[in-house]
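Throughout, a chain's letter reflects where its sequence line sits, starting with A, and its residues are numbered from 1.
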2 protein chains.
Amino acid sequence: MELDKYDRQILNILQTDGRISNQELADRIGLSPSPCLRRVRALEEGGLVVGYRALLDAKALGLTLMALIHISMDQHTPERFSTFEAAVAGIPEVLECLLITGQAADYQLKVVVKDLDAYQELLLKRITGIAGVSGVHTSFVLRRVVDKTAFPVGEGR
Amino acid sequence: MELDKYDRQILNILQTDGRISNQELADRIGLSPSPCLRRVRALEEGGLVVGYRALLDAKALGLTLMALIHISMDQHTPERFSTFEAAVAGIPEVLECLLITGQAADYQLKVVVKDLDAYQELLLKRITGIAGVSGVHTSFVLRRVVDKTAFPVGEGR
DNA sequence: TCTGAAACATGACATAA
DNA sequence: TTATGTCATGTTTCAGA
């Protein structure tokens, strides 16, 4: 899919303000509303725009503890992996699960909980018990220096 | 800030569909539009809702490589940290920068780039050169098993 | 690009818990 | 008193010309 200057501007603006009205969006990119909306629809249907989300403040929700959990598996079989993946996908506190290389670990999870007690309970009751999990190492997040959802989209301007 | 049943429903729906109309939102939580909109505004002004974002598809944008970069600093002085943080905050490819404990590293960066060449260039030209960076270790992301922006907004807390 | 119908946002106000 | 529902008004969306 080819993106021109307008498409890139649209994507950059929507990554910043997902609730902007089509009229204002059209104004800001210097196009009239109709073609602007057509482009937005095309970007959505083309799969470039996956969806629109409200972002919440973790602290305001009482979720003050974020941790990275590095997990290694005993065997590298498809069954082990799919069991593990299905299990973590069902845990609301797990925001991210990445299959990674370059470390002792196989997976990195990112989790949020309200405090250390909740963390311990999550780890012991929901994670270490998953079949195949052999090693677990936790890093606590002291501060989120950068936390963006916006991917870099070319020149757009 | 106290959240009742309606507030939690609103947050959960907005975390899934950030562009839902107020009328449909009101329908889905079983309230009429006015009080529903008042609650949304209160949640926004109370800082619970940080903003609304369109989420894009990294692959569709040609950003096929995601990596975690673990970084250790030579000295743990405030100057080192603020220099580093200001530098990474200005790099569009850096989606996340976490100050962490529990590892050899001090920071974990999450970056997206189009390929290995772009990765190498990012690392050598923009990251290893920052004052104070003494150790760098890269983990490549093979697959994103779970990737959510939604925090758990549960019943009891 | 323009236009008009339908859907929507939003505030005033009356009302019920 | 606090939160809700109803209604009226202006705005936005969006398809067809």
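- The NZ atom of Lys5(B) sits 15 Å away from the P atom of dA3(D) (whole-angstrom rounding).
- Whole-Å rounding puts the Asn22(A) CG to dC2(C) P distance at 15 Å.
- For Arg41(B) and dT10(C), the shortest distance from a side-chain N or O to OP1 or OP2 is below 4.0 Å.
- In this structure, Asp27(B) atom CG and dT6(D) atom C1' are separated by 15 Å, rounded to whole Å.
- Arg28(B) has its CZ atom 14 Å from the P atom of dC8(C), to the nearest Å.
- Salt-bridge annotation for Arg28(A) and Glu24(A): present, with a side-chain N of the basic residue lying under 4.0 Å from a carboxylate O of the acidic one.
- The distance from atom CZ of Arg38(B) to atom C1' of dT6(D) is 12 Å, rounded to the nearest whole Å.
- Across all strands, Pro33(A) comes closer than 4.0 Å to no nucleic acid atom at all (heavy-atom distances).
- Note: CD (Glu2(B)) to C1' (dA3(D)) measures 16 Å, nearest angstrom.
- Asp4(B) has its CG atom 9 Å from the P atom of dA3(D), to the nearest Å.
- Comparing atom distances between the Pro35(A) side chain and each of dG5(D), dA3(D), dT1(C) picks out dT1(C) as nearest.
- Nearer the 5' end of DNA chain D, as judged by each residue's closest nucleotide, is the contact made by Leu31(B), out of Leu31(B) and Ser21(A).
- For Ser34(A), the side-chain atoms get nearest to dA15(D) when compared with the rest of dT10(C), dA15(D), dT13(D).
- Between the C1' atom of dT10(C) and the CZ atom of Arg39(B) lies a distance of 17 Å, rounded to the nearest Å.
- Taking CG from Asn22(A) and CZ from Arg41(A), the interatomic distance works out to 7.5 Å, rounded to the nearest 0.5 Å.
- For Tyr52(A) and Tyr52(B), the ring centers sit 6.0 Å or farther from each other.
- Atom NZ of Lys148(B) sits in a crowded spot, with more than 12 heavy atoms from other residues, nucleotides or ligands closer than 6.0 Å.
- For Leu37(B), the side-chain atoms get nearest to dA9(C) when compared with the rest of dA3(D), dC14(D), dA9(C).
- Glu85(B) and Tyr107(B) are linked by a side-chain donor-acceptor pair at a separation below 3.5 angstrom, with hydrogens and angles left out of the test.
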